[in-house]
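Single-structure report; data block below.
This is a predicted model, so every value here is computed, not measured.
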Amino acid sequence: MTARLAAGAAQVDQFRADVLAGLSRRRKRVPAKYFYDAAGSGLFDEITRLDEYYLTRTELAIMRRYAAEMADRLGPQCLLIELGSGSLVKVRLLLDRLKSPAAYVPVDVSGDHLHRSAARLRRHYPDLAVMPVLADFTRDFPIPRPARPPVRRAVYFPGSTIGNFDPDDAAHLLRRIAGLVGRGGGLLLGVDLQKDPAVLEAAYNDSRGTTAEFNLNLLARINRELGADFDLTAFRHCAFYNRQRGRIEMQLVSTIAQQVRLAGTVVSFRAGESIHTENSYKHDLGDLQRQAADCGFRVDASWTDELQYFGVLYLTVPA
């Protein structure tokens with residue numbers, strides 16, 4: 001219990017340090033990973049079911065159609081590690097088809113959400129070793145040792161989460177994953193592809209306002225966990241496509257001149273000043289193949305939908 005409390009305190013300290021550092025910049029920002037407390041994770045699950053949010057249903061359609069091929073690529077006795085596992089919906093399509101997986105390791109920063117989802121998964125797969133890890137996957141974390149030694153490690157990284165990273169950070173993460181899985185290991189990677197900006201902007205500005213609520217929950221979390229005094233009614237959600245950088249940018253815009261207090265620090269906002277909360281890069285498959293090669297992977301297979309909205313790639317580290 002003491003170790004768990006210490007780990008929780010360290011996470012809060014890191015959260016506070018990251019928020020203060022981000023809000024002290026000339027262009028204020030807060031890392032997108034902090035969206036996903038229990039409330040944020042629940043709101044994101046709602047977003048994935050929205051009509052405008054094509055990403056999840058398109059990726060699920062690809063998985064339903066090609067999961068057997070993907071499982072064959074992963075092979076028997078695979079240790080499957082999912083980064084940013086969320087509600088564990090898509091991975092079931094893989095688990096249903098994998099041959100004798102050594103274990104499944106979901107990794108997520110939202111502890112309550114992670115353990116609830118893992119418990120549900122254990123009920124559906126009683127013979128599968130489900131070994132959740134509460135961690136920030138952008139940092140080093142321990143991989144549990146399953147009772148049955150795996151033939152290979154493979155990372156499952158769905159949902160186009162790689163698009164939340166700036167290009168240099170994405171390359172760094174891919175190199176870390178290559179080191180994590182080792183020679184002969186694999187990465188099953190979901191990526192959102194370039195398309196009509198009107199489709200992209202609608203996906204991040206839904207008519208029900210759920211994405212806005214998700215974005216504003218970041219400030220509510222800072223208030224709850226760090227004792228800040230953000231007035232959520234004085235900020236508005238903004239998301240738009242930056243054509244030059246090929247990405248959706250999500251922001252929280254201050255509607256008035258105001259001051260916010262956090263951990264003894266006063267943060268001033270001008271009317272119209274924003275907090276940058278997320279980037280979502282949209283990819284070209286050819287560019288991705290070149291980036292993967294630079295990071296130690298080769299592209300063994302790729303699958304897309306009929307509209308070329310979304311892609312799932314299987315990358316391997318040459319043995």
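Leu23 is not listed as a side-chain neighbour of Val260, based on a closest heavy-atom distance of 4.5 Å or more. Tyr104 places none of its side-chain heavy atoms less than 4.5 Å from the side chain of Leu94. At a threshold of 4.5 Å between non-hydrogen side-chain atoms, the residues Gln258 and Phe235 count as touching. Between His276 and Ser274, every side-chain heavy-atom pair lies at or beyond the 4.5 Å cut-off. Counting only heavy atoms from C-beta outward, the side chains of Leu83 and Phe141 approach each other to under 4.5 Å. Between Leu174 and Leu187 the shortest side-chain heavy-atom distance falls below 4.5 Å. Side-chain contact between Ile256 and Asp231 is absent, with no heavy atoms from C-beta onward closer than 4.5 Å. By the 4.5 Å heavy-atom criterion applied to side chains, Leu226 and Val12 are counted as neighbours.
No side-chain N or O of Gln291 forms a donor-acceptor pair with one of Asp287 less than 3.5 Å apart. A donor-acceptor contact under 3.5 angstrom links the side chains of Tyr125 and Asp96, judged on distance only.
For Arg148, the CZ atom sits in a packed shell: over 12 heavy atoms of surrounding residues, nucleotides or ligands are nearer than 6.0 Å. Counting non-hydrogen atoms of other residues, nucleotides and ligands closer than 6.0 Å to NE2 of His115 gives a total above 12. Within a 6.0 Å radius of CG in Asp168, no more than 12 heavy atoms belonging to other residues, nucleotides or ligands are found. Around CZ of Arg224, the count of heavy atoms belonging to other residues, nucleotides or ligands within 6.0 Å exceeds 12. Within 6.0 Å of CZ on Arg92 lie more than 12 heavy atoms contributed by other residues, nucleotides or ligands.
Both Leu218 and Val267 belong to a common hydrophobic cluster when Ile, Leu, Val, Met, Phe, Trp and Tyr are linked at side-chain heavy-atom distances under 4.5 angstrom. Val151 and Met70 fall into different hydrophobic clusters, where Ile, Leu, Val, Met, Phe, Trp and Tyr residues are linked whenever their side-chain heavy atoms come under 4.5 Å apart, directly or through other members.
Taking every heavy atom of both residues into account, Ser24 and Ala21 meet most closely at OG-O, 2.8 Å. Nearest heavy-atom pair across Pro146 and Leu79 is CG-CD1, 4.3 Å. Heavy-atom minimum distance, Ala147 versus Pro149: O-CD, 3.6 Å. Across every non-hydrogen atom of Leu93 and Ala67, the tightest pair is O-CB, 3.6 Å. In this structure, Arg152 and Pro76 approach most closely via the heavy-atom pair NH1-O, 4.5 Å. Pairing each heavy atom of Leu98 with each of Gly75, the nearest pair is CD2-O, 4.2 Å.
Taking the six-membered ring wherever Trp is involved, the centroid distance between the rings of Tyr36 and Phe214 falls below 6.0 Å.
Residue Leu288 holds its CG atom at 5.0 Å from NE2 of His283, rounded to the nearest 0.5 Å. To the nearest 0.5 angstrom, Leu232 atom CG is 5.0 Å from Leu219 atom CG. Once rounded to the nearest 0.5 Å, the distance linking OH of Tyr309 with CD of Glu59 reads 16.0 Å.
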Q: Take Thr58 and Asp305 through the test side-chain hydrogen bond (donor to acceptor under 3.5 Å, both in side chains) and record every step on the way to the result.
A: CA-CA 7 Å; Thr58 305; Asp305 61 289; 5.3 Å; no
Q | Stepwise side-chain hydrogen bond (donor to acceptor under 3.5 Å, both in side chains) test for Tyr281 and Asp192 | A | CA-CA 8 Å; Tyr281 285 86; Asp192 196 18; over 6 Å; no
Q) Would Arg65 and Glu306 count as a salt bridge (Lys or Arg N to Asp or Glu O under 4.0 Å) if you check the C-alpha gap in whole Å, the side-chain angles of each, and the deciding distance to 0.1 Å? A) CA-CA 12 Å; Arg65 185 171 182 179; Glu306 290 82 356; 2.9 Å; yes
**Q.** Tyr54 vs Lys195, side-chain hydrogen bond (donor to acceptor under 3.5 Å, both in side chains): CA-CA, chis, key distance, verdict
**A.** CA-CA 12 Å; Tyr54 63 85; Lys195 60 185 67 63; 3.1 Å; yes
Q: Just do the side-chain hydrogen bond (donor to acceptor under 3.5 Å, both in side chains) check on Asn217 and Asp37 with the steps written out, would you?
A: CA-CA 9 Å; Asn217 180 67; Asp37 63 346; 3.0 Å; yes
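Residues forming a salt bridge (charged side-chain N to carboxylate O under 4.0 Å, His left out) with Asp72 (at least two apart in sequence, or on another chain): Lys99. Looking at residues two or more places apart in sequence or on another chain, you find a side-chain contact (heavy atoms from CB on, under 4.5 Å) between Thr210 and Leu43, Glu46, Ile47, Leu50, Asp206, Arg208. Checked against side-chain contact (heavy atoms from CB on, under 4.5 Å), Ala271 has no partners two or more places apart in sequence or in another chain. With sequence neighbours excluded, the residues that form a side-chain contact (heavy atoms from CB on, under 4.5 Å) with Leu20 are Arg16, Leu262, Ala263, Thr265.
The list of salt bridge (charged side-chain N to carboxylate O under 4.0 Å, His left out) pairs with a residue in residues 270-280, not counting sequence neighbours, reads Lys28-Glu273, Arg270-Glu273.
For the side chain to side chain contact (heavy atoms under 4.5 Å, CB included) test with Val155, the passing option among Leu188, Ile177, Leu189, Val105 is Ile177; the others fail.
Ring pair Phe137/Phe157 is perpendicular by interplanar angle, where above 60° counts as perpendicular and below 30° as parallel.
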All N/O donor-acceptor pairs, side-chain side in residues 127-136, below 3.5 Å, sequence neighbours left out:
from	atom 1	to	atom 2	distance (Å)
Asp136	OD1	Thr138	N	2.9
Asp136	OD1	Thr138	OG1	2.6
Asp136	OD2	Lys33	NZ	2.6
Asp136	OD2	Thr138	OG1	3.1
Asp136	OD2	Arg139	NE	3.3

